[in-house]
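Following: one structure in structure tokens, then a few remarks.
Residue numbers begin at 1 in each chain, while the letters A, B, ... track the order of the sequences.
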Amino acid sequence: MAWTQNVLRVNLSSGETAKEALNMTWADSYLGQRGLASKYLAEEIDPAVDALSPDNKLIMVTGPLTGTMASTGGRYSVVTKSPLTGAIACSNSGGFIGAEIKMAGWDMIIFEGRADTPVYLYLENEKAELLPADDLWGKSVWEADERLHQKHQDPLIRIACVGRAAEQGNLYAGIINDLHRAAGRSGVGTVMASKNLKALVCRGTRGVGNLKDPLRFLQAVEQGKRVLAENAVTGQGLPQYGTQVLMNVINEMGALPTRNMQEVQFEGTHNISGEAMHEPRSSDGQPNLTTNAACFGCTIACGRIATLDKGHFTVENKPGYWGASGGLEYEAAWALGSDTCIDDLDALTYANFLCNEDGFDPISFGSTLAAAMELYEMGVITEQDTDGIELKFGSAQALTRTAELTARGEGFGKVLGLGSKRLCEKYGHPELSMTVKAQEFPAYDPRGIQGMGLAYATSNRGACHLRGYTVASEVLGIPEKTDPLVSEGKAELVKAFQDATAAVDSSGLCVFTTFAWTLDDIAPQIDAACEGDWSTEKLLEVGERIWNLERDFNLKAGLTGKDDTLPKRLRKDAAKSGPAKGMVSELDKMLPRYYEIRGWTPQGELTAATRQRLGL
Amino acid sequence: MLRALNLEAQKCTGCLQCELACSYENEGVFNPARSRIKVFNFHDEGRFAPYTCTQCEQAWCLHACPVEAIVLNTATGAKEVIEDICVGCKVCTIACPFGTVNYNQASGKVIKCDLCGGDPWCAKACPTGAISYVDLDNTGLDRMRAWAQQSPAGPASYNTPRSPTTPADFTRQNG
């Protein structure tokens, strides 16, 4: 029935591991992955708990379609309370570790407590062992991965690991799996490291089967694959250019945040776009992009594998960075490049390598660096604060040197590792932090794409493009075109995207499929695999329930409707160029309507009727 | 007409759809650990390659088997393991120069590609055409056609050949 119905509970304080039966009543109400683990977390921890205390829990969770042949069915999520935002965190990753956990026979792993000394979990089917990781502590993800492969003498193990950034308390540290896929946002890696847990090493040989209606499932999967292949975005744009297909498009529509969101268009875009990654370099004649690559089961294959010019100033005499590895996705290219005004493609790629090597979120890092650059330009911070680094917008050296320091949590990198909000507060300019709920913005300016302003402000994990990607509608016309410069009707659009995405994030599938798929394409796959009746309507209901559960967690954690806001810059300072010139985010017009259709009070709290309707 | 699996590594994205399809067809579960075809990731080179049994004419595995558990399917050309006869001695796994016959702990027998009786699931599942099932005598046809397309158009251009292209460039462009 797609779920293995097995939960592994790992008590790091006592060193005990135990197998439990999955709560199938909750599975019917929350599906899996994001939804189901959020339910477990909300039931098991006090939302007001200190995120870095042993009382917080960290859940690695798969969806019912994880490990099946459904296209993109390899996703897993990490759910915990975020140390960056104080809100619920759910970070989703592809690669191969999610499917491996499922192949080993587990729907989720709940880590609780804190180990006395560094450990890692070795999971081989039924066998779950906590093993010492003293020799891995202080090592990067890449080095730990290599050592673990050597130690276990098994090339087929899959590894999820935290790097030095997490160990050093970087608040936006992620968990890297398969060397360059990441549960990247909200500091889930920081929580993992706070538990003295270095890695999950997994090998599963049991497989995923026992589907409700295998023949119907295979037919639904086949049909779904066909839709993805025939769609221009998932069939052509993403495999060829990755998410970087968006860089030029978003710049042209004046929604590419630049210079710490002071501007909305970047003059260097053509040097760092998806198209630029294909162009042979003048230096060595090779393109930045080596190949595209797929995550487990994915027939889109948007992943970028890039190779640096060996003569580039960042890697001269550093052969460890000469091989191919995870290249720039749109968000990373934007944060490391556009927001900091840096158009040196290989420098951005090198910084991205460092983000993977030591596990920290390139969005939060780039955005925090952009804020620091603005502070530097204003003269608020000087080279005395920055370890002598000239922190100018546009400086590739500034980017790569600060990335090196942030990776290791050293010097000014330690400050940058606390995120934009804490950085700007430390230096007396909180208004320069481009964050919601202390999480940094992604790559869509809400002045030029109005729906995204509301999506950011109300996102349950702080600013995030993946909680309600109205860009699909406002820019790409999926499922239907809406005007990006108009705020009217966006409350409904944001809610619809948020609810649908919560369901997709709970299935084991990748949200990128929704460039081509609607829930009508997804529901038949879930329904054929899982017990119960999984219609589009039910998925939307589950999605809405998940959204409200997360909201409820956040309110109990101490957040309020006042946190559903955007920085003054986006609400008061008009866009300076492009189609949105003269516009600000009209959040104030959208938010009341949004609360109303959510069934929340004017203060943004769940009403009793809403709770009852959703069974909360 | 016999057919063969034609593997074109430059088209492979490493998605494992082939492994999922193979394991499901043969074992009834999605389980790459039990797949007869394997995709390898040469990470530092940014390269993926699928690999499986080529169905050798003079099959080492077949000749090595002491109990004649590996037999030729004349309809497909596949060398198939007869599970009821296989005693799990693993001599075939030693004999195969390519490593494509492997022991399966769960069954105590060996497993290898049997071309799914002439309808290989891996080829059907592959989203990029990296695995196709083509005329056994013409596995090079697509590559020949691509090269032919590069050749001079006729007498007028006979003396002005196009600039030389290395095989690596070629496969990258067409991959």
Side-chain angles (χ1 to χ4, degrees), chain A residues 65-74 96 99-100 102-104 125 145 155-156 178-180 203-211 214 217-218 221-222 225-226 228-229 235 239 287 289-307 320 322-327, chain B residues 8-35 38-50 99 102-107 111 116 119 121-131 166 168-169 171-175:
Chain A
L65 297 192
T66 306
T68 71
M69 206 171 145
S71 183
T72 78
F96 298 84
E100 201 71 23
K102 195 80 174 282
M103 296 291 163
N125 297 336
D145 188 286
L156 297 177
D178 305 288
L179 295 174
H180 46 72
R203 177 91 154 92
T205 63
R206 296 170 46 141
V208 175
N210 198 25
L211 306 184
F217 179 72
L218 290 172
V221 164
E222 188 57 38
K225 284 169 67 176
R226 196 175 308 127
L228 292 176
L289 183 73
T290 305
T291 187
N292 66 327
C295 295
F296 181 95
C298 175
T299 58
I300 303 173
C302 75
R304 303 291 90 183
I305 301 294
T307 310
W322 291 355
S325 194
Chain B
E8 296 176 80
Q10 74 277 8
K11 292 182 181 174
C12 179
T13 62
C15 75
L16 308 189
Q17 278 277 331
C18 56
E19 296 192 10
L20 293 164
C22 177
S23 58
Y24 197 84
E25 204 279 335
N26 285 290
E27 309 275 337
V29 289
F30 300 112
N31 188 1
R34 296 283 172 264
S35 174
K38 291 283 181 197
V39 174
F40 294 88
N41 177 357
F42 300 97
H43 179 267
D44 292 358
E45 299 168 40
R47 224 158 51 79
F48 304 94
N102 284 282
Y103 185 64
N104 177 4
Q105 290 179 48
S107 64
I111 56 178
C116 299
D119 185 24
W121 280 40
C122 55
K124 286 190 289 186
C126 179
T128 65
I131 307 168
T166 68
D169 291 338
T171 51
R172 180 61 58 197
Q173 283 164 14
N174 291 273

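In this structure, B:Glu45 contributes its side chain and A:Ala324 its backbone to no donor-acceptor pair below 3.5 Å.
In plain terms, the two heavy atoms of A:Cys298 and B:Cys15 that are nearest each other are O-CB, 3.0 Å. Across all their heavy atoms, B:Leu20 and A:Thr68 have their closest contact at CD1-O, 3.7 Å. When all heavy atoms of B:Phe30 and A:Met69 are compared, the closest pair comes out as CE2-CB, 3.3 Å.
Taking chain B as the reference chain and counting heavy-atom pairs below 4.5 Å, the highest number among A:Asn292, A:Val208, A:Thr299 is found for A:Val208. The choice from A:Ala229, A:Gly209, A:Gly297 that makes the most heavy-atom pairs within less than 4.5 Å of chain B is A:Gly297. For the options A:Ser71, A:Gly207, A:Ala306, heavy-atom pairs under 4.5 Å to chain B are most numerous at A:Gly207. No other option in B:Gly28, B:Cys126, B:Ala125, B:Cys12 has as many heavy-atom pairs under 4.5 Å with chain A as B:Ala125.
Both the backbone and the side chain of A:Pro214 have a heavy atom closer than 4.5 Å to some heavy atom of chain B. With a 4.5 Å cut-off on non-hydrogen atoms, A:Leu211 touches chain B through its side chain but not through its backbone. Both the backbone and the side chain of A:Ala293 come within contact range of chain B, each with at least one heavy atom under 4.5 Å from a heavy atom of that chain. Heavy-atom distances place the side chain of A:Leu179, and not its backbone, under 4.5 Å from chain B. Residue B:Ala106: no heavy atom, backbone or side chain, is found under 4.5 Å from chain A. Neither the backbone nor the side chain of A:Ile300 has a heavy atom closer than 4.5 Å to any heavy atom of chain B.
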- Hey, mind stepping through A:Phe96 and B:Asn41 against side-chain contact (heavy atoms from CB on, under 4.5 Å) and telling me if it holds? CA-CA 12 Å; A:Phe96 298 84; B:Asn41 177 357; 5.7 Å; no

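Taking CD1 of A:Ile305 as the start and NE2 of B:His43 as the end, the distance is 5.5 Å to the nearest 0.5 Å. To the nearest 0.5 Å, atoms OG (A:Ser325) and CG (B:Asp44) are separated by 7.5 Å. The line from CG of A:Leu218 to NZ of B:Lys124 is 9.5 Å long, rounded to the nearest 0.5 Å.
Here side-chain hydrogen bond (donor to acceptor under 3.5 Å, both in side chains) pairs that include residues 21-34 of chain B, with residues two or more places apart or in two chains, are B:Glu27-B:Arg36, B:Arg34-B:Asn104.
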